[in-house]
Amino acid sequence: MVQFEQAGNGEGLENRVFTCIVLYSELAEQSGLIDCPRRDRITAAWVENPIVAEDLVRFDEFELDPRVYQLRRSGRTLKLERIPMEVLFLLMERRGQVVTREEIIEKLWGKDVFLDTDNAINTAIRKIRQVLKDDPEQPRFIQTVTGRGYRFIGQTSEVVVPPAQAPAQLQPASSSRATTGAPTGIGKRWKVIVAAIVAVLALSVGGYFYLHRTPKLTDKDTIVVADFNNTTGDSVFDGTLRQGLAVQLEQSPFLSLISEEGTQQVLRLMGKPADTRLTPEIAREICVRTASAAVLDGSIASLGSQYVLGLRAEDCRTGDVLAEEQVQAARKEDVLNALGQIASKFRTRVGESLITVKKHDTPLAQATTPSLEALKAYSAGWKASFSTGSAAAIPFLKRAIEIDPNFASAYAALGRMYGDIGESVLSAMNTSKAYELRDRASDQEKFFITLSYDLQVTGNLEKGQQTCALWVQAYPRAWEPHGLLSGDIYVARGKREESVEEGKIALGIDPDFSIGYANLAASYMALEHMDEAENTLRRASERKLEIPDFFVLRYVIAFLKGDKVGMEDEVALAREQRGTDDWMSNSEGFVLAYSGHLEAARKMSRLAADLARQTERRDTEALYEADAAVREALFGNVSAARQRAVHALELSMSRDVAYGVGVALALSGDSSRSQGVTEDLSRRLPEDTRVQFTYAPTLRALLALRHGQPSKAVELLQTTIPYELGSPTTGGSEFLLGAGSLYTVYVRGLAYLAAHQGAEAAGEFQKILDHRGIVISDPIGALAHLQLGRAYALSGDNSKAKSAYQDFLTLWKDADPDIPILRQAQAEYANLTKALPRS
């Protein structure tokens, strides 16, 4: 039995496309070369296109063949990616004329594109020149016309070639057949179609099915997934099937989906609300705007007590169907398994190898949950996180776990959300549960869970880096490992250049990865590359991305540049945004304290803590209290330091809070409680890189100083040297403000002062002043001037000592007058001035 579906413009057989569906073809299926959606059905396509003569363009030893879309050199096909190839064809079409960058953008992406097209064009031109071995300084082929565009200047010749010959079985009848009595109309069509069917079956039995095996997508293409068209009347499928399909497709190292964050960003540019349903039409527009290759739209319908799921992939520019699948589920409980089957078949249809499909094909119910209700809540959580923020996702993810207590990915997502809002204890608890259940997750999700466990639970940065390497090896198109290397692992280890490189890779893979811009800008700041930091944030703004990190980053950049107006502008903007109030209040507190305005800083710190308490974020509230306690201790307010430290510890025993409390107690002379905190921290987190190589040695060195053992303090700090330029905190405004950074250096400087080694002490405090982009607004950045003056005075260099004291006193010229360390500095400067000879 043969059924025919016709598509075309009705202008003759040569311009029509026929699809023949061959039913009950056991022979074709048994060959093993056709992966049929049902046992008794195969689909074979024969496309009959109009064949016309086309011009082959030759230049130098190259030839550009529009018939097969190839560039050849001396007969050998050269590899050139899609965008560079399209640019080359456009330049060749207009050879001798200037093609502006605007014309290239419109031709390739359309007028309303919101991509980094300048970078894409630059990359395309560079790749064309590499393939053609063309020197941009002395071009033979591609000339840059400064300020305008590009021109193809090579000498060309055109060769008219005859039409490409189709295989004999598929060749349309010649134009003379009408005069020889050959069948016309329906009869002619039947004859050609039957010939096509015979040819297809012959190829199948012969062991090669070219039409089926030709890849439809490449490992450079991206896909947009639309919402399923649900006609069952059961709302449990809404959003759930799209999430399930995404989970299944993300198991593939070959395919890459446009991220949910990227989808939300394009919806904003389209003027659509965040909860807009992704119909095929809207998904297709997102596909075009993001220069993706295909849009996937699915459907589910009820057929009696059964369900029919369909999946179709279309080229979003041409509308060509790349693949189409259909599968049935006998019961509602079988729908997720059916969805997994249809996703696996789709992967092979569009070009992924059977080897990787079989290797990375965890059944959907095992990769997520067998519960449709739990998966629906999980899907709603992720959607809320991207549209509203991490805090908004938490109730949905909790609901998913209530429905299915063994839902590993839901625990992992909940751990991530808690980490995003600064609740490290709850983040570690949920991440630990995900790690216990990691066998109930896909391969890629296992990498995410393992890496989260390395970073949030054990704190083992070395293992985390190893996990990232394995993840990148298995999934070269994953941006997450690069993002975590950039924003956490390399930052903690003080490897800022490596952080920048990984940040660039992450954004190259997903240009809508918003936190990636914050990580990259922070690393540029640490390297004192303020222009690059500002440019990175500007790029994020151009893409209409905005997160609390950006407000704080722009604020601290303005602070480092002495731009008070810029600081005020960012504060005003932040007040208008939900979820930024406590971050900005804490940031203002740090900056105020930096210049000695302690009472005003206290008010802002209390406000930040109050705001965190109102949203039930105990870890964040505790961290703000610990920051304030350290500040009071550094400034010499012993009683206030101890009081706020104890309060912080009552709120949370998280790693970063405990470290801040330990520092505050040690500096304020409470050695006993500081030692207790230190030993507890070291015992609880034996693998934690920060604890073992930064926190514990620094706390023990402070305790050694309190006991009059400066040499021991210096010795204890030796293990911190490889990490001393790293950031001790992860995420939140503390990370962006430099809180706690270079404390190992500051304490080493204090130890050298206590040991009467002035030159060595001066070297340590100067190191702090040389790294303003890391210290930013932490109080030690200001106090380093004073300590440097003390070091020079100890060395007998009174002239330099006076200059350093003056720097500090100038910075604190409007400071609160009753701060103990300020009064000490003023007295020391007066004595130093008396000791200097009059000029």
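Start at 1 with the first residue, then count along the sequence. Values reported hereafter were calculated over all heavy atoms of this structure, with side chains retained and with hydrogens, waters and symmetry mates removed.
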How would you list, by chain and number, every residue that makes a side chain to side chain donor-acceptor pair (under 3.5 Å) with [X], sequence neighbours excluded?
| X | result |
| --- | --- |
| Ser385 | none |
| Arg242 | Glu260 |
| Asn406 | none |
| Gln306 | none |

Would you confirm whether Asp221, through its side chain, and Leu217, through its main-chain N or O, come within 3.5 Å as a donor-acceptor pair? no
Is it true that [X] and [Y] have a side-chain N and a carboxylate O under 4.0 angstrom from each other?
| X | Y | answer |
| --- | --- | --- |
| Lys398 | Glu402 | no |
| Asp334 | Arg331 | yes |
| Arg539 | Glu542 | no |
| Lys332 | Asp234 | yes |

Answer whether the closest heavy-atom distance between the side chains of Thr222 and Leu257 falls below 4.5 Å. no
I want to check something: taking the side chain as every heavy atom from C-beta on, are Met417 and Trp382 in contact at a cut-off of under 4.5 Å? yes
Under 3.5 Å, is there a donor-acceptor pair linking the side chains of [X] and [Y]?
| X | Y | answer |
| --- | --- | --- |
| Gln456 | Ser452 | no |
| Thr279 | Arg277 | no |
| Glu261 | Ser514 | yes |
| Thr369 | Asp404 | yes |
| Ser292 | Thr290 | yes |

I need the full list of disulfide bond (SG atoms under 2.5 Å apart) pairs touching residues 240-330, with sequence neighbours left out, sorted by first then second residue. Cys287-Cys316
What pairs of residues pass the disulfide bond (SG atoms under 2.5 Å apart) test when at least one of them lies in residues 322-353, not counting sequence neighbours? none
Applying ring pair (Phe, Tyr, Trp, His ring centres under 6.0 Å), can you list everything that pairs with [X], at least two apart in sequence or on another chain?
| X | answer |
| --- | --- |
| Tyr475 | His360 |
| Phe237 | Tyr307 |
| Phe407 | Tyr378 |
| Tyr517 | none |

All side-chain contact (heavy atoms from CB on, under 4.5 Å) counterparts of Asp238, not counting sequence neighbours: Asn230, Ser235, Lys376
Set of residues satisfying salt bridge (Lys or Arg N to Asp or Glu O under 4.0 Å) with respect to Arg312, sequence neighbours excluded: Asp297, Glu314
To the nearest 0.5 Å, atom OG of Ser541 lies from atom CZ of Arg543 at 12.0 Å
For residues Ala291 and Arg82, report the shortest heavy-atom separation together with the two atoms involved. O-NH2, 3.8 Å
Could you tell me whether Phe386 atom CZ has more than 12 heavy atoms of other residues or ligands within 6.0 Å of it? yes
